[in-house]
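A short worksheet on the structure shown next.
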Amino acid sequence: MASAGPSVATTQSTLPSGPAIFKTVPYAFILPEILCGTWVWILVAATSVSFPLLQGWVMYVSLSSCLISLLLLLSYLFGFHRNSENWKVLDSLYHGATAILYMSAAVLQANATIRSEFGPNSPLYYQLNCAASFFAFITTFLYILHAFSIYYQ
């Protein structure tokens, strides 16, 4: 006898938890985002902050993003998401907004790098600012990749 109604197969994608997040493409970007973001604020903190308004924003964005991404990583590791679809929306919105904020911070850090080229102690601080700008743009790229890959998944 046939069943009363058509069977609908739901293909709900499961969110990874535990060490599986390091093998799943969008979530595997979280650890490199944290590491590169940590390098940004360490390198900016190592310079003599000549432009507090510019580099203060860079420090705020990099430090707060690093901490929030660490909390997100821990929540995925311990499985706090309980396979809810709301976590995908939260993850996508967070990484999209952070990509925009990091892009503004990377541009401001590049501006501070250019302006610090001819300042006092220019060779040392210029190299540190160059490295901070490089890692800021890499981190921005990682956040953009994460946001788009979660969106298109």
For [X] and [Y], which heavy atoms make the closest approach, and how far apart are they?
X: W87; Y: S75; answer: CZ3-OG, 3.5 Å
X: N129; Y: A112; answer: ND2-O, 4.3 Å
X: I144; Y: A99; answer: CG1-CB, 3.6 Å
X: A147; Y: G96; answer: CB-N, 3.6 Å
X: A46; Y: Y125; answer: O-CE2, 3.9 Å

Look up atom [atom1] in [X] and atom [atom2] in [Y], then write down how far apart they are to the nearest 0.5 Å.
X: L145; Y: T140; atom1: CG; atom2: OG1; answer: 11.0 Å
X: I150; Y: Y94; atom1: CD1; atom2: OH; answer: 13.0 Å
X: Y102; Y: C36; atom1: OH; atom2: SG; answer: 8.5 Å
X: I34; Y: L142; atom1: CD1; atom2: CG; answer: 11.0 Å
X: M103; Y: F141; atom1: CE; atom2: CZ; answer: 10.5 Å
X: Q55; Y: T113; atom1: CD; atom2: OG1; answer: 7.0 Å

Is F148 atom CZ crowded by more than 12 heavy atoms from other residues, nucleotides or ligands, each under 6.0 Å away?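 Open: at most 12 neighbouring heavy atoms sit under 6.0 Å from CZ of F148.
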How about CZ on F22, more than 12 heavy atoms from neighbouring residues, nucleotides or ligands closer than 6.0 Å, or not?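 Check passes, neighbour count above 12.
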Could you walk me through whether F29 and S149 pass the side-chain contact (heavy atoms from CB on, under 4.5 Å) test, one step at a time? CA-CA 10 Å; F29 292 130; S149 63; 4.2 Å; yes
Spell out, yes or no, whether [X] and [Y] are grouped together once hydrophobic residues are joined by side-chain heavy atoms under 4.5 Å, including indirect joins.
X: I21; Y: L71; result: no
X: Y60; Y: I100; result: no
X: L108; Y: L53; result: no
X: I114; Y: V107; result: no
X: L43; Y: L35; result: yes

Quick check: does any side chain N or O of H146 sit under 3.5 Å from a backbone N or O of P26, one acting as donor and the other as acceptor?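 Yes; at least one donor-acceptor contact below 3.5 Å.
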Taking V44's backbone N and O only, do any of them form a donor-acceptor pair with T47's side chain (distance below 3.5 Å, no angle check)?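 Checked: pair present.
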Is there a donor in the side chain of T98 and an acceptor in the side chain of S65, or the other way round, less than 3.5 Å apart?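 Per modelled atom types, T98 and S65 side chains form no pair under 3.5 Å.
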Report yes if the side chains of [X] and [Y] come closer than 4.5 Å at any heavy-atom pair, otherwise no.
X: L72; Y: H95; result: yes
X: V40; Y: T139; result: yes
X: L101; Y: W57; result: yes

Taking L93 as the fixed residue, which of D91, L90, V89 is the one that meets the side chain to side chain contact (heavy atoms under 4.5 Å, CB included) rule?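 Exactly one option meets the side chain to side chain contact (heavy atoms under 4.5 Å, CB included) with L93, and it is V89.
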